[in-house]
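Down below is the structure, laid out as structure tokens.
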Amino acid sequence: MSIKDNLLKIKSSLPEHVTLVAVSKTKPVSDLMEAYNAGHRIFGENKIQEMTEKWEQMPKDIQWQMIGHIQTNKVKFMAPYVSLIHGVDSMKLLEEINKQALKNNRIIDCLLQIHIAEEETKFGLNEDELKELLASESFKNLNNIKIIGLMGMATFTENQIQIKKEFEHLKSIFDSYQNLKSEICNLKSLSMGMSGDYKLAIACGSTMVRIGSSIFGGR
Ligand SMILES: *Cc1c(COP(=O)(O)O)cnc(C)c1O
């Protein structure tokens with residue numbers, strides 16, 4: 001099947017409240033243009049330099065979302081255009097995003113990444129760190145960012161029961177902060193689910209799925 005066929009098939013299978021982020025990392029601009037020409041406008045990349053090169057070359061009505069781990073010193077390169085940053089997992093990073101957003105006279109939407117997987121290698125905040133961050137005084141002064149949701153990645157395993165447990169855990173954290181609403185924090189989006197587990201993620205409450213290989217083929 002073509003990229004267009006894959007994309008349209010997945011899109012038509014998603015409930016209306018679920019946003020599709022087409023994960024185009026490592027793929028050439030010609031592949032992304034195939035998805036663009038099929039009507040898609042939301043792309044996810046995991047390297048700032050690669051995303052910036054693609055942003056420069058492609059039509060300007062695309063929403064570019066950063067889904068990978070971010071080095072603080074590279075935030076400035078995406079600050080002029082990035083539409084959503086999924087993997088925010090420290091106050092230091094949030095402060096840098098705020099600083100660069102201010103320089104660009106923008107408010108940048110962010111998701112806080114929560115560590116739900118078993119592996120130590122996956123990035124993200126634990127529940128205590130999340131609580132501490134949201135309650136901290138310095139957080140309240142970040143007027144150029146907006147936390148619009150949470151993001152998480154399940155353990156890389158075939159065990160559906162474990163994956164389900166991890167997604168449900170993230171959903172329960174998400175639900176527990178629904179009363180916390182301020183100018184800079186209002187958790188509406190829950191980014192969880194990739195090619196292998198997005199159906200399960202949606203069943204567990206995901207509102208945003210990040211799908212790469214099922215659209216563009218293997219990497
Ligand atoms: C690569 C990546 C995806 C997409 O993975 P696929 O299995 O190709 O769908 C989703 N989320 C993150 C954070 C990624 O790095």
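Note that ligands are numbered from 1 as they come in the structure, with each ligand's atoms numbered from 1 the same way. Only heavy atoms go into these numbers, but all of them, side chains included; no hydrogens, no water, no symmetry mates. Counting from 1, the numbers follow the sequence of the chain as shown.
Scanning all protein heavy atoms for the shortest distance to atom 9 (O) of ligand 1 gives Ser195 OG, 2.5 Å. Shortest contact from atom 14 (C) of ligand 1 to any protein heavy atom: Lys25 NZ, 3.0 Å. For atom 12 (C) of ligand 1, the closest heavy atom belonging to the protein is Ile67 CD1, 3.5 Å. In terms of protein heavy-atom proximity, atom 4 (C) of ligand 1 is closest to Arg210 O, 3.7 Å.
The shortest N/O to N/O separation between Met194 and ligand 1 does not fall below 3.5 Å. Here's the thing with Arg219: one of its N/O atoms is less than 3.5 angstrom from an N/O atom of ligand 1. Note: no N/O pair closer than 3.5 Å links Ser214 and ligand 1 by distance alone.
Here the side chains of Ser90 and Glu129 are not in contact, with every heavy-atom distance at 4.5 Å or above. Contact check for Thr207 versus Thr19: no side-chain heavy atoms found under the 4.5 Å cut-off.
Ring orientation note: the planes of Trp55 and Tyr81 are close to parallel, at an angle under 30° on the 30°/60° scale.
In terms of modelled atom types and a separation under 3.5 Å, the side chain of Gln178 and the main chain of Leu187 share a donor-acceptor contact.
When each of Lys27, Gln65, Lys54 is tested with Glu45 by the rule side-chain hydrogen bond (donor to acceptor under 3.5 Å, both in side chains), just one qualifies, namely Lys54.
Each of the following atoms of ligand 1 lies closer than 4.0 Å to a heavy atom of Gly212: 4 (C), 6 (P), 8 (O), 9 (O). Atoms of ligand 1 lying under 4.0 Å from at least one heavy atom of Ile211, given by number and element, are 9 (O). Set against the non-hydrogen atoms of Met153, the atoms of ligand 1 under 4.0 Å away are 13 (C).
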Candidate pair Glu137 and Lys140, rule salt bridge (charged side-chain N to carboxylate O under 4.0 Å, His left out), full reasoning: CA-CA 5 Å; Glu137 274 309 312; Lys140 299 188 175 95; 3.6 Å; yes
Check against side-chain hydrogen bond (donor to acceptor under 3.5 Å, both in side chains), Glu96 and Gln100: CA-CA 6 Å; Glu96 177 64 14; Gln100 297 299 333; 2.9 Å; yes
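Contacts with ligand 1 closer than 4.0 Å are made by no heavy atom of His86, backbone or side chain.
Following chains of ILVMFWY side-chain contacts shorter than 4.5 Å, one can reach Val82 starting from Leu94, so the two form part of one hydrophobic cluster.
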